Amino acid sequence: LRPIHRRLSCPGTVTADARGEQQSSGSAETGSEDRTPKKRFSEVQKERREQAQRTILILCPNKISEKKFLKYLSQHGPINNHFFFESFGLYAVVEFCQKESVASLQNLTRTPSMGTEAAIPFRSRFFNLKLKNSSNETSEQSCIPCCNQSPPSSKKLFELLCDAESIDDQLNTLLKELQLTEENTKLRYLTCSLIEDIAAAYFPDCAVRPFGSSVNSFGKLGCDLDMFLDLDEIGKFNAHKTSGNFLMEFQVKNVPSERIATQKILSVIGECLDNFGPGCVGVQKILNARCPLVRFSHQASGFQCDLTTNNRIALKSSELLYIYGALDSRVRALVFSIRCWARAHSLTSSIPGAWITNFSLTMMVIFFLQRRSPPILPTLDYLKTLADAEDKCIIEGHNCTFICDLNRIKPSQNTETLELLLKEFFEYFGNFAFNKNSINIRQGREQNKPEPSPLHIQNPFETSLNISKNVSQSQLQKFVDLARESAWILHQEDKDHPSPASNQPWGLAALLLPSVAKRVSHDKKKRKKPASERIKNLLESIKSSPENSTNTNGKR
Ligand code: CTP
Ligand code: MG
């Protein structure tokens with residue numbers, strides 16, 4: 001069902017444009033077709049955050065009249081936007097035009113009396129709406145249109161791919177079906193904002209900011225929600241603003257290192273989420289990791305959340321990916337397909353381990369697109385040369401400077417099709433000298449590996465780090481084998497001229513089938529079977545792939 005949005009025009013509120021990062025799957029012919037100015041990452045973040053701060057989450061009765069519901073809430077001020085979704089119950093996300101409306105609603109909201117249990121009186125923006133008299137309402141209820149927050153089933157996706165007209169069309173279809181929707185994006189910013197309210201009990205001026213695939217334009221429905229507690233703004237002190245010869249500092253507790261400070265902060269926030277955070281369940285404090293974090297599920301939204309602190313560099317790398325994703329419409333289509341391909345073959349996993357991560361795969365695609373002739377994407381060093389004074393950014397001694405206004409970056413002259421790029425991607429990495437070379441998007445060319453990890457992808461900002469240090473030789477070998485086989489399948493299809501009208505899975509659909517190797521070796525024998533049976537078997541095997549363990553709420 002399509003969501004229905006009712007929009008009042010409110011001065012100073014965010015327009016649909018603030019979607020920014022999630023838009024334009026575009027046509028894939030060239031990267032230069034979309035000339036509309038694109039928002040800077042920082043603008044999108046600022047708008048989304050402000051929008052989330054005047055938004056509330058409500059668990060609604062199942063039987064409800066949408067009209068009355070909106071009328072009731074409008075007592076507190078005009079509503080800019082709203083939608084419903086189903087998780088463990090019916091939820092509404094309601095965005096007021098003004099922040100004051102939220103306070104007005106909170107003032108009229110009571111803390112429930114619990115009978116035998118006791119309620120912790122935390123006044124959040126997560127409400128529970130009850131009907132005083134349910135029989136009246138039932139008679140007038142209308143069917144509430146709900147937004148889907150999870151990706152289409154593998155079966156549906158597979159059918160859509162088989163029905164596409166070309167491989168280019170397949171890649172764009174996959175992107176369209178799997179990318180975060182406007183509503184899911186709103187829910188992600190809202191969830192961060194709700195967590196921020198809890199963290200603000202300790203650190204009133206903190207911000208909880210999403211990063212990673214929720215904001216870098218490469219997020220797939222159901223992906224985790226990475227967020228970090230930003231304490232940088234707290235106590236920022238401008239010496240020029242004070243008069244006289246005095247300088248005032250806060251009296252603070254000192255601890256031996258930055259890492260211990262991070263652990264202490266995350267530990268109390270973790271406790272707080274566990275004890276007082278409405279809807280926060282399964283809180284795990286993983287404080288001894290290289291990057292300490294608190295992991296929890298936000299039950300209503302269904303998001304698996306990873307909360308870290310001091311992660312400004314990761315936010316900057318999210319911005320860089322956002323720019324790469326927005327520069328050319330082929331980038332996201334190719335990244336989504338490669339990620340999906342990797343997942344279908346269990347090259348990636350939701351469990352941490354020796355697997356390649358989605359982040360590494362994205363870097364590989366970016367690197368590959370930098371290597372095309374003419375290049376489809378510029379190098380990071382080039383983006384740095386375009387930067388002006390206001391773009392300058394040094395974080396913890398690392399130079400994270402690059403141009404932030406992506407409208408000033410010239411579109412690529414390269415007109416290669418997605419079909420060709422997909423094929424060439426597999427060929428390129430099927431034959432890459434992983435044993436001696438490192439992947440480096442800063443310079444856009446191979447470098448000698450500085451250390452012997454099987455796969456070396458340089459962190460673009462912390463250049464001494466390898467983002468794929470975890471990947472084992474056997475996992476890398478599996479990637480290479482599958483890449484070669486996938487290239488081979490696409491070449492075979494070229495030779496045999498299979499038409500999209502044939503009954504066989506073709507193009508990208510054929511590549512997503514598990515165990516390409518087996519399929520290839522048995523292909524000749526299998527050709528005798530009726531197509532319908534083959535497709536049935538293939539669908540069965542897709543169903544059992546790990547991606548499908550994602551439940552309908554997108555939780556892993
Ligand atoms: N990151 C990093 N170095 C790593 C791993 C992660 O800098 N070795 C940063 C990246 O900015 C990445 C973010 O942390 O985008 C979140 O990591 P992760 O959740 O693993 O990746 P996502 O890009 O969010 O992809 P996914 O959809 O798989 O969650
Ligand atoms: Mg993530």
Side-chain angles (χ1 to χ4, degrees), residues 21-22 41 45 150-151 175 178-180 184-185 188 191-192 209-230 286 289-298 302-325 331-332 335-343 346-366 380 395-396 398 400 402 438-442 451 453 455-471 546-547 550 554-556:
E21 75 267 44
Q22 311 300 343
F41 183 76
Q45 299 316 306
S150 40
L175 171 64
L178 296 185
Q179 69 183 346
L180 301 184
N184 194 267
T185 302
R188 284 170 189 268
T191 305
C192 289
R209 305 187 193 281
F211 70 99
S213 58
S214 298
V215 300
N216 67 18
S217 81
F218 295 102
K220 163 181 172 295
L221 283 170
C223 70
D224 68 356
L225 172 54
D226 304 291
M227 49 175 97
F228 82 102
L229 178 65
D230 188 354
I286 308 171
R290 190 186 71 81
C291 184
L293 74 141
V294 174
R295 177 166 289 171
F296 62 96
S297 288
H298 191 257
F303 297 136
Q304 161 89 44
C305 305
D306 278 352
L307 174 69
T308 51
T309 182
N310 286 340
N311 229 343
R312 289 210 147 248
I313 297 188
L315 188 65
K316 212 56 197 170
S317 73
S318 303
E319 175 169 6
L320 179 66
L321 293 195
Y322 166 84
I323 289 180
Y324 278 131
V331 181
R332 293 175 65 229
V335 169
F336 270 72
S337 296
I338 297 298
R339 283 179 167 208
C340 193
W341 166 84
R343 191 59 193 250
S346 306
L347 285 168
T348 51
S349 164
S350 55
I351 310 159
W355 296 274
I356 296 183
T357 61
N358 281 331
F359 183 52
S360 296
L361 286 171
T362 308
M363 289 295 179
M364 290 168 95
V365 175
I366 291 172
L380 177 51
I395 306 172
E396 294 158 20
H398 301 285
C400 305
F402 55 83
S438 159
I439 291 164
N440 180 316
I441 66 157
R442 183 164 274 284
E451 40 114 343
S453 307
L455 176 60
H456 194 281
I457 304 175
Q458 191 192 56
N459 184 308
F461 301 118
E462 292 171 271
T463 50
S464 64
L465 296 182
N466 171 11
I467 65 160
S468 51
K469 205 177 168 62
N470 61 312
V471 177
E547 185 74 289
T550 305
K555 275 200 293 183
R556 285 164 181 169

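Note that ligands are numbered from 1 as they come in the structure, with each ligand's atoms numbered from 1 the same way. Not measured: the values here are computed from a predicted model. Numbers here are sequence positions counted from 1.
- No side-chain N or O of S213 forms a donor-acceptor pair with one of N216 less than 3.5 Å apart.
- With contacts defined as side-chain heavy-atom distances shorter than 4.5 Å, the pair E462/S317 does not qualify.
- Contacts between F218 and ligand 1, counted as non-hydrogen atom pairs separated by less than 4.0 Å, are absent for every part of the residue.
- Heavy-atom contacts of C223 reach the following atoms of ligand 1: 27 (O) (cutoff under 4.0 Å).
- Nearby protein atoms of type N, O or S around the Mg ion (ligand 2) amount to 2 (distance under 2.8 Å).
- Both the backbone and the side chain of S213 come within contact range of ligand 1, each with a heavy atom under 4.0 Å.
- Looking only at distances, no side-chain donor or acceptor of S360 sits under 3.5 Å from a matching main-chain atom of I356.
- The I467 neighbourhood of ligand 1 comprises atoms 8 (N), with distances under 4.0 Å to a heavy atom of that residue.
- Judged by distance alone, with hydrogens and angles left aside, the side-chain atoms of S438 form no donor-acceptor pair with the main-chain N or O of I457 at under 3.5 Å.
- Between R332 and Q179, the side chains place a donor N or O and an acceptor N or O closer than 3.5 Å (distance only, hydrogens not considered).
- At least one side-chain heavy atom of N459 sits under 4.5 Å from a side-chain heavy atom of F461.
- For S468 and N466, the side-chain atoms include at least one donor-acceptor pair closer than 3.5 Å.
- Each of the atoms 13 (C), 14 (O), 16 (C) of ligand 1 lies under 4.0 Å from some heavy atom of F211.
- When only modelled atom types and interatomic distance are considered, Q304 and D224 share no side-chain donor-acceptor pair under 3.5 Å.
- Within the structure, ligand 1 has R339 among the residues with a heavy atom less than 4.0 angstrom away.
- Put simply, the side chain of T309 gets close to the backbone of L229: a donor and an acceptor are under 3.5 Å apart.
- Of all the listed residues (S317, G222, P210, G212), G212 holds the heavy atom that lies closest to atom 15 (O) of ligand 1.
- No side-chain donor-acceptor contact under 3.5 Å links S349 and R343.
- Within the 4.0 Å heavy-atom shell around ligand 1 one finds D224.
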